[in-house]
Amino acid sequence: MAEHLSQSELDYPFKLLEYFNGFRVSKVIFSACELGVFDLLLQAQKPLSAEHVARELGASVDGMERLMDVLVGIEILEVERVEGTALYSSSDVANLYLAKGSAKSLHDMIIYQSQTIYPLWNNMADAVREGKNQNEKTFGLSAEDIFQTIYRSEEEMLKFMGLMNSTWSIDGHDIVTAFNLSDFKTVVDLGGCSGALAREFIRAYPTSSVIVFDIPKVIETAQKHFSEQHENIVYQGGDFFDGDIPSGDLYILARIIHDWKEEKGLTLLNKIHSCCKPGGGVLLVEALLFENRRGPVMAQVFSLNMLVQTEGREHPPSKYSHMLSAAGFQNIQVCRTGKSYDAILAIK
């Protein structure tokens, strides 16, 4: 970042102003998703005027025109003038990632960011000052039980599951193919939520089977709303901290260890090691910091999010390697995908 904040910034702070206004750009995209702009444009299959979009979505023409003009400015929408009327259409990127109907839709991720993460980040200064999450201040719920807050209603549970679906629709394949996992025939996805990562695993390794393991109310909701019938995927309710966990060849912990303080994560790894078959393994999926913690910026941002929402943080590979070794695992391998999430494989 320092190279960008060069001498020219002293003359006029272009880069700083871009950072300052970043939240407004985010809210433009969030609002367009919540209003259904991208869905309507995709369904129409032709350019539409702001007046037409506003009428269909129950919005003001003036407000919709301003919103869509910003979306054109940030190259998410395209515009052409026909007989004096501006007609808007979605870019290929918007159709692929922002409309609900796409297989790679990030719509649910955006809704979660807008309605859950954004309010939490309004209290970031307090999180930094106090060194703890802001669930109580933001949602009026205990700061101690983070998943009581995340799953505080079925609506919120569905939002979180939608977030997981969006995440693994773009990152899942890279994660499950970071290493050759074809020798692991019985896989247990601990905290597997909606089963989205399990489905990616089965696509890559169709001769394996996956047990999606999560607390009972999550499993019930997943089976009701998200599960696709697949003979190689089984849903099982339980508590991986306080109850028994299924026996397996490979245990997946995708964005799990980063939620908790180190001692709690180590307790879980010890438990997995005791259940894991000899020659079996554990696959950690996390956003890995560099060893000097100077990046990647997205992993640093995720770590700050862990402060405001959970009791955990993001770590460099050496921290996870130390925890895995302390639990008895060996042959630890690290794969940086170059995308949002990375993978670590360790063997018993």
Side-chain angles (χ1 to χ4, degrees), residues 1-35 37-38 63-79 90-94 96-98 106-135 137-139 159 163 166-167 170-171 255 258 286-310 312-316 336-342:
M1 186 178 295
E3 64 180 344
H4 297 297
L5 298 180
S6 60
Q7 184 67 31
S8 63
E9 285 290 300
L10 297 177
D11 298 325
Y12 193 85
F14 288 103
K15 184 61 67 173
L16 282 176
L17 290 173
E18 181 182 336
Y19 294 153
F20 295 167
N21 284 289
F23 79 97
R24 302 185 199 208
V25 175
S26 296
K27 264 301 187 183
V28 166
I29 300 171
F30 295 169
S31 299
C33 277
E34 289 174 303
L35 289 165
V37 171
F38 305 114
M64 185 58 67
E65 185 173 47
R66 296 190 203 197
L67 181 71
M68 295 175 79
D69 281 344
V70 177
L71 290 166
V72 171
I74 59 176
E75 301 181 342
I76 289 177
L77 295 186
E78 298 168 354
V79 67
S90 283
S91 64
D92 291 341
V93 168
L96 182 62
Y97 292 116
L98 301 180
L106 301 182
H107 179 273
D108 290 343
M109 177 187 290
I110 289 167
I111 296 302
Y112 191 80
Q113 299 277 15
S114 180
Q115 298 179 4
T116 300
I117 300 300
Y118 196 92
L120 279 164
W121 277 63
N122 281 333
N123 294 311
M124 179 55 70
D126 288 328
V128 172
R129 187 179 299 114
E130 300 164 8
K132 66 178 185 179
N133 71 60
Q134 296 300 300
N135 289 323
K137 185 166 294 182
T138 308
F139 304 116
K159 285 181 190 176
L163 166 68
S166 291
T167 297
I170 58 171
D171 286 300
R255 299 178 66 186
H258 76 161
E286 300 287 1
L288 296 177
L289 290 166
F290 296 147
E291 288 297 340
N292 64 6
R293 299 179 186 273
R294 300 280 69 84
V297 172
M298 189 55 64
Q300 293 171 316
V301 171
F302 285 167
S303 195
L304 202 54
N305 191 75
M306 291 297 97
L307 172 65
V308 80
Q309 189 177 24
T310 72
R313 63 184 304 145
E314 308 299 349
H315 300 287
R336 289 189 179 274
T337 67
K339 298 178 182 177
S340 296
Y341 299 102
D342 307 301

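Numbering starts at 1 and runs along the sequence shown. Note that the structure is a prediction, hence the values are computed from the model and not measured.
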* To do: Check the angle between the aromatic planes of Tyr118 and Phe23 and answer parallel, tilted or perpendicular using the 30° and 60° thresholds.
  => tilted
Minimum heavy-atom separation for [X] and [Y], please, with both atom names.
X: Leu307; Y: Gly131; value: CD1-C, 3.7 Å
X: His107; Y: Cys33; value: NE2-O, 3.4 Å
X: Leu35; Y: Leu67; value: CD1-CD2, 3.9 Å
X: Asn135; Y: Gln309; value: ND2-O, 3.1 Å

side-chain hydrogen bond (donor to acceptor under 3.5 Å, both in side chains) partners of [X], counting only residues at least two apart:
X: Glu314; result: His258
X: Arg293; result: none
X: Thr138; result: Asn123

* To do: Begin with the C-alpha distance, continue with both residues' side-chain angles, and end with the deciding distance and a verdict on side-chain contact (heavy atoms from CB on, under 4.5 Å) for Val28 and Val25.
  => CA-CA 5 Å; Val28 166; Val25 175; 5.5 Å; no
* Quick one: are Thr116 and Leu163 in side-chain contact, heavy atoms under 4.5 Å? -> no
* Asked: Knowing that exactly one of Arg336, Glu286, Arg255 qualifies, which makes a side chain to side chain donor-acceptor pair (under 3.5 Å) with Tyr341?
  -> Arg255
* So does Asp69 pair up with Arg66, basic N to acidic O under 4.0 Å? ->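 No, Asp69 and Arg66 are not salt-bridged.
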